[in-house]
S.K.: 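Have a look at the structure that comes next, please.
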Number of protein chains: 2
Amino acid sequence: MINNLIGHINSTINNKLTEDDIRLISEIFHAKKLRKHQYLIQSGDVCKIAAFVVKGALKKYTIDATGKENILELYIENWWAGDKESFMIGTPTPYYIDAYEDSELLVISKDDFTNKLSNLSFITELNNVLTERQSFQLMKRLHSSQTLTAEQKYEQLQDTYPEFFQRFPQHIIASYLGMTKETLSRIRKATAKK
Amino acid sequence: MINNLIGHINSTINNKLTEDDIRLISEIFHAKKLRKHQYLIQSGDVCKIAAFVVKGALKKYTIDATGKENILELYIENWWAGDKESFMIGTPTPYYIDAYEDSELLVISKDDFTNKLSNLSFITELNNVLTERQSFQLMKRLHSSQTLTAEQKYEQLQDTYPEFFQRFPQHIIASYLGMTKETLSRIRKATAKK
DNA sequence: TAAAAACGTTGATCCAGATCAACGTTTTTT
DNA sequence: AAAAAACGTTGATCTGGATCAACGTTTTTA
């Protein structure tokens, strides 16, 4: 399990992890299994963990006044799940994150992060690279959200994250794209013909 | 001029800038004036500068096939203008940034950033804090874009950045919010009564 | 293995917000 | 000072995608 995380870090930062780094990571991250439908965090919680997805699939969403889920992020293998703002600043999260498949995670607590990792150079580099990437992606998603038609959003997702279509049902993809399942169904029917 | 930038940095990072830091900043950043309607960057450019707004107002946008502007970000005093992804990675920017008011900027070149600043601890801290903030804001804006009605978007902007309404005309605000100027005009009329 | 969820599709209808158009006012340019 | 942009408003109309509803199929649960 830990090798997935090591590989992920090594492929993200410039210098490879040392034996000591790897030993430390192995000690501090601990495995956590989530069954389908189990929550990782719930709205109102302060998010005290960051979770690396070794296996499985999760979704992050809010629930509005009518009970409707609005999905903001989808996570599969080698993604980080959590609410970074809540984790970093300590504010309550507005999000739910739950497992859509049975999942295996590697979790680090806020305490361990702060006390044992936050000063290590490989961690700051990892954190900076991932935050920057996240920010670039969000800028593109915001622009898409405001300018593309439903069909264009669908096509863009097929180009950027085709894996999602293998891992999540259509109603979840639809919500992630900011449209209804009916609209996505109609678009798929229409584009299949082309 | 430079004092605005010094003040901004000091209020963003934990430790205050030293005399040496301030001297270096004063040497490396240079003043640039933009007249109303002048471009800071244009689509297709590689963005080789980062600009701190000392005075004025700018907008960042794309232009679609029909010639319509889609505004993604608005900048006023003490904001950073530029395309960070293009600046950092060297890819061509899809955005235009131009001055909506005559503006005074403090600009740093990519070369100077890389060679003279990027290893300084106050710069990495500044960069990390700003990137993280940016990312948190974008997440909220994406969520708002996908879940709020036009009226709710308007009210949220009044709460978060009321200054914008003093500095930009309604058609620019409307585009920033992802709606037409007519819709914004009708919303304002309706909410004024309440 | 039967019942119940979850999922995907299709049709009918509705509506928030876009589009198109015209016009008055204010600001900028010459 | 006149002409031209830029700006904001209002009305009429249109439409992309939402909503509501029903139904068949697949998967999960008891």
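Keep in mind that the numbers below use all heavy atoms, side chains included, and drop hydrogens, waters and symmetry copies. Per chain, numbering begins at 1; letters A, B, ... match sequence-line order.
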S.K.: Using whole Å, report how far CD of Gln146(B) lies from P of dG17(D).
M.R.: 13 Å

S.K.: Check the side chains of Thr18(A) and Asp21(A) for a donor-acceptor pair under 3.5 angstrom, ignoring hydrogens and angles.
M.R.: yes

S.K.: Using both distances under 3.5 Å as the test, list the Watson-Crick or G-U wobble partner of dT30(C), or none.
M.R.: dA1(D)

S.K.: Please table the atom pairs, donor to acceptor, closer than 3.5 Å between any side-chain atom in residues 38-46 of chain B and protein atoms at least two apart or in another chain.
M.R.:
| residue | atom | partner | partner atom | Å |
| --- | --- | --- | --- | --- |
| Gln38(B) | OE1 | Arg35(B) | N | 2.7 |
| Asp45(B) | OD2 | Gln42(B) | N | 2.9 |

S.K.: Mind checking the OG1-NZ spacing from Thr183(A) to Lys153(A)? Nearest 0.5 Å is all I need.
M.R.: 10.5 Å

S.K.: With a strict under 4.0 Å distance from non-hydrogen atoms of chain B, what nucleotide opens and what nucleotide closes the contacted stretch of DNA chain C, reading 5' to 3'?
M.R.: dG17(C) to dA21(C)

S.K.: If you measure only the distance, is there a donor-acceptor pair under 3.5 Å linking the side chains of Gln156(B) and Ser144(B)?
M.R.: yes

S.K.: Mind checking Phe168(A) for me? I need base, sugar-phosphate or nothing, with any heavy atom below 4.0 Å counting as a touch.
M.R.: nothing

S.K.: Would you verify whether the NZ or CZ of Lys84(A) falls within 45 degrees of the ring axis of Phe136(B) while also being under 6.0 Å from that six-membered ring's centre?
M.R.: no

S.K.: Tell me which residues in residues 177-187 of chain B lie within less than 4.0 Å of DNA chain D, going by non-hydrogen atoms.
M.R.: Glu182(B), Ser185(B), Arg186(B)

S.K.: Look through every strand shown and name the nucleotide pairing with dT9(C) as Watson-Crick or G-U wobble, where both distances are under 3.5 Å.
M.R.: dA22(D)

S.K.: Once ring pair (Phe, Tyr, Trp, His ring centres under 6.0 Å) is applied, what residue pairs with a partner in residues 48-71 of chain A remain, sequence neighbours excluded?
M.R.: His8(A)-Phe52(A), Phe52(A)-Trp80(A), Tyr61(A)-Tyr96(A)

S.K.: Quick check against the 3.5 Å criterion: does Ser175(B) have a side-chain atom that pairs as donor or acceptor with the backbone of Ile172(B)?
M.R.: no

S.K.: Share the residues that join Leu138(B) in a hydrophobic cluster, the rule being Ile, Leu, Val, Met, Phe, Trp or Tyr side chains under 4.5 Å apart at the heavy-atom level.
M.R.: Leu72(A), Tyr95(A), Leu138(A), Met139(A), Leu142(A), Leu72(B), Tyr95(B), Met139(B), Leu142(B)

S.K.: For nucleotides 28-30 of chain D, print each protein N/O atom paired with a nucleotide N/O atom at under 3.5 Å, atom names and distance only.
M.R.:
none

S.K.: Is the distance from the ring center of Phe113(B) to that of Phe87(B) below 6.0 Å?
M.R.: yes

S.K.: Between Lys36(A) and Tyr100(A), is NZ or CZ placed under 6.0 angstrom from the six-membered ring centre and within 45° of the ring axis?
M.R.: yes

